[in-house]
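A quick write-up on the structure given underneath.
Just so it is clear: chains get the letters A, B, ... in the order the sequence lines come, proteins before strands, and each one is counted from 1. All values below were derived from every heavy atom in this structure, side-chain atoms included, with hydrogens, water molecules and symmetry-related copies excluded.
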Amino acid sequence: MRIYTTRSRTTEEFVPLSPGEVRMYVCGVTVYDLCHIGHARSAIVFDVLQRYLRAKGYRVTFVKNFTDIDDKIINRAEAEGQAPHEISERYIAEFRADMAAIGVAVPDIEPKATEHIPEMIRLIERLVVDGFAYVVDGDVYFEVRRFPEYGRLSGKNLDDLLAGARVDVDERKRDPRDFALWKSSKPGEPAWPSPWGSGRPGWHIECSAMAMRYLGESFDLHGGGEDLVFPHHECEIAQSEAATGKAFVRTWVHNGFVNFASEKMSKSLGNVLTIKDIARKYPADALRLWFLNTHYRHPIEYSEERLAENARALERFQVLITDVLGIESRAFFDVPLPAKFGDSPPWVTALMALGNREPVRTYVAVAARRFEEAMDDDLSTPEARAALFGLARELDAYRRDGGDARAFASGVRALVALGRALGLFTELPEQAGPSPEVERLVAERGEARKRRDFKRSDELRAQIQGLGWTVEDTPAGPRLTRRTR
RNA sequence: GGCGGCGUACCCAAGUGGUUAAGGGAGCGGACUGCAAAUCCGUUAUGCGGCGGUUCGAAUCCGCCCGCCGCCUCCA
């Protein structure tokens, strides 16, 4: 598998430090407000990566933090007359609800900054002792000059950053580029005791401390939005590698932004759309399908029309799954993907127990191979997505041409298994929903059609529609789906 | 100013040196249907921002130009 890493700006073969095991860390959110779809994209990008790695057979340890102490949280707390921890806890709960709503799996470990202050202090102490950091009036700064590699990740020239026009000049710092590891606290602010007096951690140190705590001093992959490249990840590398003398992270992965009307979506521009806004109107898989259509490193422009299109496209899969659910149980779909699924006739054979000449076998094998090759190439989800649509069309055509029902079901099951490697189809279409009344109307409509009383039949269809269900007539009988149209 | 990205059909979006330029949405024609829906088949870019160049061959490499965006400050 090949992944683009920001540090070298090239796509490199991804080789975990420990064979078969991937340790990854992703910068989570600062919990002071609701999450917007930009956060959703980042969460989904790394959710896809994490799921795909597991599908490939890696044992994955996925850590994603909460930044629960920060100026913005303190300001918000003050504005609302609440304690900072009340604000952060509230938005952590909102975050969890949002992630569940968009089908993002819970990471293995979700550390909070405030619960790792001792680890941060120990790390800062190491840096002070080794001369990489200095203390001024209860603040501790990392001395950038001491770390020659500073700027490499983001491709910045140290001189260009010097006395940067937009960097606040603090007379007490030895160099304007130096960044805070520890900040002394003002009265009334949250504070922890430290060797340098009462204070709180700087932003960057928390990720280094928590990543090392759970993943070790060197680990495989670190991710986040592209805006974190500088200064956040640059600083993480500096402080971590200065402290340990070891390479901190092998692969740096950064996702592109969600833009709004061609502009970056951000709170300061006032053009944010929250995850709740989206989740209310569109299924999680529609959102995911939309993101999957654009490579993760490219910017993507939000438009409600795009979401509607993808909701529409999603129905192609849902119809297939719904029809299989008519003859198979939901557990039928719970099959794992083999580690090498694109080149695995045994899996295809076992999965379908079909003859060599069964075309569905070929459809699945070809699609799985195309899918895996795409994903192995720096997560080319647009191509992987296309493989899914291609397989869906072949299965539809196969069925239409009178193919074997079991083979068809097995093909759909394989489609679902592939999709699940991307986090799609984790929730199967609603099935056990129709009320007795709807069922009665459907039955009555069937009778009316038998009598060729189409006027009555159409009235009943309208009634059923009014109750939130769409009834379609297929050769196999009526298909009932919960749909908006 | 420094660094980086983008411009492909009606819309979105892959592809980054070599078969007939993925896929989705939308439109159109046809099949199927009591009518629909779903689905299938066909169809919509001799051309990939513009102009030059390299090459047997370029959307893909080089040069110039035009337009758009991001980072350099908290930020997914």
A/H254 NE2 to B/rA76 P, straight-line distance once rounded to whole Å: 13 Å

Using atom OH of A/Y302 as one end and atom C1' of B/rG70 as the other, report the distance to the nearest whole Å. 21 Å

For the P atoms, the ones on B/rA58 and on B/rG25, what distance do you get once it is rounded to whole angstrom? 33 Å

Rounded to whole angstrom, note down the C1' distance from B/rU60 over to B/rG47. 14 Å

Secondary-structure notation, RNA chain B, from Watson-Crick and G-U pairs under 3.5 angstrom (| other strand): ((((((((.[[[..)..(....]]]((((((.......))))))....[[[[[..)....]]]]])))))))....

Under the ring-ring contact (aromatic ring centres under 6.0 Å, His included) test, residues paired with A/H116 that sit two or more places apart: A/Y214

If I pick the P atom on B/rA38 and the same atom on B/rA22, what distance separates them, to the nearest angstrom? 25 Å

Given RNA chain B, 5'-ward residue of the pair A/R445 and A/T474, judged by closest heavy atom: A/R445

In whole Å, I'd like the distance from the CZ atom of A/R399 to the C1' atom of B/rC32. 14 Å

Pairs involving residues 390-422 of chain A, ordered by first then second residue, that meet ring-ring contact (aromatic ring centres under 6.0 Å, His included) (sequence neighbours left out): none

According to salt bridge (Lys or Arg N to Asp or Glu O under 4.0 Å), does anything in residues 415-428 of chain A pair up with another residue at least two apart or in another chain? List the pairs. A/D334-A/R420

How long is the line joining CG of A/D33 and P of B/rC74, in whole Å? 19 Å

Between B/rC74 atom P and A/D71 atom CG, what is the distance in whole Å? 10 Å

Can you say whether a donor on the side chain of A/N259 sits under 3.5 Å from an acceptor on the base of B/rG70, or the other way round? no

When all nucleic acid strands are considered with a 4.0 Å heavy-atom cut-off, which category describes A/R288: base, sugar-phosphate, or nothing? nothing

Could you work out the separation of B/rG53 and B/rG17 based on their C1' atoms and round it to a whole Å? 16 Å

Salt bridge (Lys or Arg N to Asp or Glu O under 4.0 Å) contacts touching residues 285-295 of chain A (sequence neighbours left out): A/D47-A/R288

Nearest whole angstrom, please: distance from the C1' of B/rC68 to the CZ of A/F260. 18 Å

If you measure only the distance, is there a donor-acceptor pair under 3.5 Å linking the side chains of A/Q82 and A/R90? yes

For the side chain of A/N255 and the backbone of A/Y296, is there at least one donor-acceptor N/O pair under 3.5 Å apart? no

What residues form a ring-ring contact (aromatic ring centres under 6.0 Å, His included) with A/F333, not counting sequence neighbours? none

Can you tell me how far C1' in B/rA21 sits from the matching atom in B/rA59, rounded to whole Å? 8 Å

Kindly indicate whether the side chain of A/D473 and the base of B/rC35 share any N or O donor-acceptor pair separated by less than 3.5 Å? yes

For A/F389, which residues count as a ring-ring contact (aromatic ring centres under 6.0 Å, His included) partner, sequence neighbours excluded? A/F317

Residues forming a side chain to side chain contact (heavy atoms under 4.5 Å, CB included) with A/T5, sequence neighbours excluded: A/R7, A/S8, A/E12, A/T251, A/W252

Once you round it to whole Å, what is the distance between P of B/rA13 and CD1 of A/I300? 7 Å

Select base, sugar-phosphate, or nothing to describe what A/S303 touches, counting heavy atoms under 4.0 Å on all strands. nothing

Could you check whether the side chain of A/R461 and the base of B/rC35 have a donor-acceptor pair of N or O atoms closer than 3.5 Å, going by distance alone? yes

Could you work out, with side chain to side chain contact (heavy atoms under 4.5 Å, CB included) as the rule, every residue matching A/D277, not counting sequence neighbours? A/L273, A/T274, A/R280

Applying side chain to side chain contact (heavy atoms under 4.5 Å, CB included) to A/H232 and not counting sequence neighbours gives A/C27, A/W203, A/H204, A/C207, A/L228, A/E236

Starting at the 5' end of RNA chain B and moving along, which residue's nearest nucleotide shows up first, A/K72 or A/K455? A/K455

Mind checking the P distance from B/rC32 to B/rU44? Whole angstroms is fine. 24 Å

Distance-only polar pair, side chains of A/T11 and A/R2, donor-acceptor under 3.5 Å: no

Would you classify A/R452 as touching base, sugar-phosphate or nothing, given that sugar-phosphate means primed atoms plus P, OP1 and OP2, and contacts are heavy atoms under 4.0 Å? sugar-phosphate

Carefully, step by step, assess A/Y91 and A/D98 under the rule side-chain hydrogen bond (donor to acceptor under 3.5 Å, both in side chains). CA-CA 10 Å; A/Y91 288 109; A/D98 288 348; over 6 Å; no

Quick one: which of B/rU39, B/rC35, B/rA76 gets closest to the side chain of A/R449? B/rC35

Looking at A/F248 and A/S208, what are the two nearest heavy atoms and their distance? CZ-CA, 4.1 Å

Return a single string for nucleotides 14-26 of chain B, one symbol per nucleotide in 5' to 3' order, where B is base contact, S is sugar-phosphate-only contact and - is none, cutoff 4.0 angstrom on heavy atoms. S-------BBBSS

Protein-nucleotides 1-4 of chain B N/O pairs closer than 3.5 Å?
residue, atom, partner, partner atom, Å
B/rG2, O2', A/D160, OD2, 3.1

With C1' as the reference atom in both, quote the distance from B/rA76 to B/rC71 in angstrom, rounded to an integer. 14 Å

Rounded distance in Å - CZ (A/R297) to P (B/rC6): 9 Å

If we take the C1' atom in both B/rC48 and B/rC12, what is their distance in whole Å? 16 Å

